[in-house]
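Inspection log for the structure reproduced underneath, given as structure tokens.
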2 protein chains.
Amino acid sequence: MRHRLKDVAERAGVSVKTVSNVVNGYQHVRPATRARVEAALAELRYRPNLSARNLRKGRTGVIALAVPELDIPYFAELARHVVAAAADHGWTVLIDQTGGGRERERVAAAGIGDHLIDGLIFSPLSLTADDLTDLDGVPMVLLGERVDHGPADHVVIDNVTAAREVTAHLIGLGRHRIAAVGAQPTPEGAGARLRLAGYTAALTEAGIGYDERLVAATPAWRRADGAAALRHLLASGTRPDAVFCFSDTLALGALRALHEAGLRVPTDVAVAGFDDIEDGRFSVPTLTTVAPDKERIARLAVDLLAGRLGGDRDAPPRELTAPHRLTPRESTA
Amino acid sequence: MRHRLKDVAERAGVSVKTVSNVVNGYQHVRPATRARVEAALAELRYRPNLSARNLRKGRTGVIALAVPELDIPYFAELARHVVAAAADHGWTVLIDQTGGGRERERVAAAGIGDHLIDGLIFSPLSLTADDLTDLDGVPMVLLGERVDHGPADHVVIDNVTAAREVTAHLIGLGRHRIAAVGAQPTPEGAGARLRLAGYTAALTEAGIGYDERLVAATPAWRRADGAAALRHLLASGTRPDAVFCFSDTLALGALRALHEAGLRVPTDVAVAGFDDIEDGRFSVPTLTTVAPDKERIARLAVDLLAGRLGGDRDAPPRELTAPHRLTPRESTA
DNA sequence: GAGATCCTTTACAACGTTGGCGACAACGGT
DNA sequence: ACCGTTGTCGCCAACGTTGTAAAGGATCTC
């Protein structure tokens, strides 16, 4: 069914090694021989057995991307860019869905598919630095600010600054009762913590007091969580004039809840999100958000991995910051 | 760094094969030996080299899922379910993003990662049956109705019936000028063709004439395409009282364009979509849609693949139909 | 107590590929 | 014509794993 080097070699009347040389672009093969081998390759539709090649070379050409959930638009968009960036290096991407739980994430970090992958790009939710210390697995690049000063390479955005900019933007509209949605009480929610810090910093700069009733924690960052948080906030009698959600999905849920409560956006309540997912560009109203440069994040991560695979496995961990941009739209017009 | 069976064997004072036997749960190993080996395994944190195992056994435990774009919510949600279903079989999923182009799809079908995968679940956009005839690769399961009567297993939903039900639902609201958005003029757009057929059938049943000015073709099924189609429709002076979009993303774009045109949904124009993506449950208004059972689709596909891998590679191709459900929401209330 | 039967462990080969190196041919310079 | 160099090609071994089959030991049966 499937042919091996040996079959091609027999057909071309050369040795297995010569076929291998042709396949791998080795220089010193006589044009006539090369032509004969190439004809045989085409006739038999030869495709290398990557497992065997990998066993021999120690490389698979496959990297893994581990994300909490694929159907969260931010991760889906990120995955798209990672797959594209990996393709530039000739790599295939194996995607792992961790669910965000600590145990599954530890398993993923410890080695998805083990020797099947050359490297791992990992966007953890609940993993701590401790979980990563004693890993002797493949090179890893972490995405997002969840694990501080871990032993691995890291691509982040400046969450604090971004959150401060959004909040300042809302304050600039004359809003003073600004809710923050998406805080995470767990110690692992580093992203949430940083965004909350930016929010607080902006309030302080503007001389606005911090009101904990305006800060809503959510178990996750899905639309339903955002809607529930807003419903709860409004039901408790707290009436914000702006809402900063820590993700766009939260914000879209919030928009929905505000709509149900009969409040107009942005007239009554301005709303801003974070992530710049495509939904926010078509929602009613369109969503003001922080746009992290996802393509850049993906490319930086892949390039970091390429560097590790290229040799310097023992260089100290690097941390790169991708740019972001505040993108005002109708929800804060 | 990474340890092999040989290292474990030396530490435990047994042969390589005995360690292999322990790892693979072979019955006849003396408890004392087993304990010693297991201790060594744990100490060295042994992890099998899957490439070597695969080379020996001819199986990788990895299947591929090929979709046009990961950041189209329908595919992202589908991917989520496929990954989950595959996990039940102990499989990892390698995701390939084809972009929907014919050439990339042919390459994908011809063998992603080649010997690295045991099987392929494939959701093609522009591939034709011809492209699949001479494939001698790994077992494949096709998703969606794009390739009719191809040589491979197939999981579909009843597009015609579903589209007819949606259209009938709109007619039931007393609407008679019902636009259809998402037609695809290319011969490959089988999904679009079937949904259009269902739309037409419902009109005929209700005695409503087919008006081609109400049928909008779109290059793709993204939000932007839906918005552009509606803008174009309205600009041309055609004024529908309902819109059936062939996907939810199209519908969300349509909602946006209607909003911009100052038309109220559903009062002035009712809108229905197709796919039941999460966005539609939180949009303003929430979106009436056809909900294909994505979890079932994923599980059927994975099970079909499991069947092929389990032995009957030469059984005739099977076609399974997953259920769908019309889900009325605010946009047609 | 001898042979048969079982359990436990091991040696060997093979999966398909490529790196190292050696064999041989062709070519250039003297 | 001879030697050295360069180019071309093939043999062998190895990557880490598991299937086969056989060896070695223990236990059982008569």
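The sequence lines fix the lettering, A, B, ..., with proteins before strands; numbering per chain opens at 1.
- For a distance-only test at 3.5 Å, the side chain of A:K17 qualifies as a donor-acceptor partner of the base of C:dG19.
- Within 4.0 Å (heavy atoms only), A:V14 reaches sugar-phosphate atoms of the nucleic acid but no base atom.
- We find that CG of B:L5 is positioned 4 Å from P of D:dT17, with the value rounded to whole Å.
- Counting to the nearest Å, the C1' atom of D:dT8 and the CD atom of A:Q27 are 13 Å from each other.
- Closest approach to the B:S15 side chain among D:dT18, C:dT10, C:dT17 is made by C:dT10 (side chain taken as heavy atoms from C-beta onward).
- Note: CZ (B:R34) to C1' (C:dC7) measures 13 Å, nearest angstrom.
- A:N24 comes within contact range of the sugar-phosphate backbone alone, with a heavy-atom separation under 4.0 Å but no base atom that close.
- A donor-acceptor pair shorter than 3.5 Å can be found between the side chains of A:D303 and A:H89.
- Taking atom CG on A:L50 and atom P on C:dT17, their separation rounds to 9 Å, with Å as the unit.
- Within the 4.0 Å cut-off from OP1 or OP2 of D:dC9, at least one side-chain nitrogen or oxygen of A:R30 is found.
- In this structure, B:Y46 places its OH atom 7 Å from C1' of D:dT17, rounding to the nearest Å.
- In this structure the side chain of B:V37 reaches within 4.5 angstrom of the side chain of B:L41, judged on heavy atoms.
- In this structure, the CG atom of A:N49 is 8 Å from the C1' atom of C:dC15, given to the nearest Å.
- The nearest heavy atom of DNA chain C to B:K57 and to B:V29 marks one nucleotide each, and the one closer to the 5' end goes with B:V29.
- Rounded to an integer number of Å, the gap from B:H28 NE2 to D:dG25 P is 20 Å.
- Taking 4.0 angstrom as the limit, B:S20 places none of its side-chain polar atoms (N or O) nearer than this to OP1 or OP2 of D:dT17.
- At least one side-chain nitrogen or oxygen of B:T33 sits closer than 4.0 Å to the OP1 or OP2 atom of C:dT9.
- In this structure, the side chains of B:T98 and B:P124 stay at 4.5 Å or more apart for every pair of heavy atoms.
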Carefully, step by step, assess B:N24 and B:R53 under the rule side chain to side chain contact (heavy atoms under 4.5 Å, CB included). CA-CA 11 Å; B:N24 291 284; B:R53 177 178 285 177; 4.2 Å; yes
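- Distance, A:K6 NZ to C:dA14 P: 10 Å, rounded to whole Å.
- Nearest nucleotide to the B:A52 side chain, out of D:dG16, C:dT10, D:dT18: D:dG16.
- When distances run from any side-chain atom of A:Y26 to the nucleotides C:dT10, D:dT8, D:dG19, the shortest one goes to D:dT8.
- In this structure, the nucleotide among D:dT17, C:dT10, C:dG16 sitting nearest to the side chain of B:R56 is D:dT17.
- Phosphate proximity of D:dG10 to A:T18: present, with a side-chain N or O under 4.0 Å from OP1 or OP2.
- A heavy-atom distance below 4.5 Å is found between the side chains of B:Y46 and B:V23.
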